[in-house]
Number of protein chains: 2
Amino acid sequence: MMSRRRILGIDPGSRVTGFGVIDVVGQQRLYVSSGCIRTPQGASLADRIKVIVEHLFEVIDTYQPDEAAVEQVFVNVNPAATLMLGQARGAAVTALVIRSLPVAEYTALQVKQSVVGHGKAPKEQVQAMIVRLLSLSGTPQSDAADALAVALAHANHSHSAVAAFTRQGLRIKGGRLA
Amino acid sequence: MMSRRRILGIDPGSRVTGFGVIDVVGQQRLYVSSGCIRTPQGASLADRIKVIVEHLFEVIDTYQPDEAAVEQVFVNVNPAATLMLGQARGAAVTALVIRSLPVAEYTALQVKQSVVGHGKAPKEQVQAMIVRLLSLSGTPQSDAADALAVALAHANHSHSAVAAFTRQGLRIKGGRLA
């Protein structure tokens, strides 16, 4: 039996937080779930954060990921928008930390390089690659696709490091080595 | 017996998050506790957030406040600093929301107006007023003082509304009315 790693990818945003769950089994990448968490506009900060955290807890408790990866957000020139983005990102990472998930961070450039092979790929090319890599029957919504992309980047990035650890017997979880 | 409201004030920052706990008993404002949560510089976002959330949970579980008030942060001109501030603020509010505390927000202007009587008061005057209002024997550290100030602002701001509620019997908690 091959070991399985389940990765939760998160693309935080002030209005929409995308999430994507994939399984890594050997060289295979398997789609598990993805979706978007929309925060109620005009609501208080506490109410918006409540929506993000409750939905993320539901996703984590349902799919039981082993690790999480978060996209490093674009720093907007508008300070108020940047603050809101930071708050949403802080809330999402807090939910991951409270559920004791290790959290890795990737820039948009790293995600594109990992998924498509070069950092200047347009959004459509990233989405097409996700559809192909995960054998999806349709294109996921944009924020969900970005979350799946960061999960895939983490799967590729951490593969060799994790393989090295497991070979040394430092990290064996859920069966024999892949 | 007078009813008691315990308020947790928070002053979030990217490096230091101040907290202050006060009791409101009738017209009295009583100091309970205050302090600073310092986030490890150079650590990952997840590790910094973990420090903020674990300390805030400890404060909440120890002092059992009924309500929380958070200072609306200064939006910095530096986008990276603003993002970090937003993340710290998002983490702090997430901790409050997870512990089911109602969260009120006040601008620095509202805090100064409430505590000192006018919005242009210098920091030192706010601190001196806190020492006087709470009969402190020394001046608390700057971030802790700001957190006590936002707690005091919430006590003053919400007093009349809460008094109206309690008079109508809608909110009676912990004994007879003040």
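Each chain gets a letter, A, B and so on, in the order its sequence line appears, and its residues count up from 1. Because the structure is predicted, anything quoted here is derived from the model rather than measured.
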* **Among the listed options B:L96, B:V53, B:V103, the residue most often paired with chain A at heavy-atom distances under 4.5 Å** => B:V53
* Rounded to the nearest 0.5 Å, how far does CG of B:L83 lie from CG of A:L83? -> 9.0 Å
* Does A:K112 NZ have over 12 foreign heavy atoms under 6.0 Å away? -> yes
* Kindly work out whether a path of hydrophobic side-chain contacts (I/L/V/M/F/W/Y, heavy atoms less than 4.5 Å apart) joins A:L133 to A:Y106. => yes
* **ILVMFWY cluster, A:L148 and A:V32 together (side-chain gap under 4.5 Å)** => no
* Single-linkage hydrophobic cluster B:V115~B:L109, side-chain heavy atoms < 4.5 angstrom -> no
* To do: Under 4.5 Å heavy-atom distance to chain A, tell me which part of B:E105 shows up: side chain, backbone, both or neither.
  => side chain
* **CZ/A:R99: more than 12 non-hydrogen atoms of other groups inside 6.0 Å** => yes
* **Spacing of A:I98 atom CD1 and B:I98 atom CD1 [to the nearest 0.5 Å]** => 3.0 Å
* Asked: Run the side chain to side chain contact (heavy atoms under 4.5 Å, CB included) check on B:L45 and A:R89 step by step: do they pass?
  -> CA-CA 10 Å; B:L45 174 63; A:R89 194 161 190 259; 3.3 Å; yes
* **Between OG1 on residue A:T82 and CD on residue B:Q87, distance to nearest 0.5 Å** => 11.0 Å
* To do: Flag yes if A:M84 and A:I52 sit in one hydrophobic cluster, no otherwise; membership is Ile, Leu, Val, Met, Phe, Trp, Tyr, and two members link when side-chain heavy atoms are under 4.5 Å apart.
  => no
* To do: Select one option (side chain, backbone, both, neither) describing which atoms of A:A80 are under 4.5 Å from chain B's heavy atoms.
  => backbone
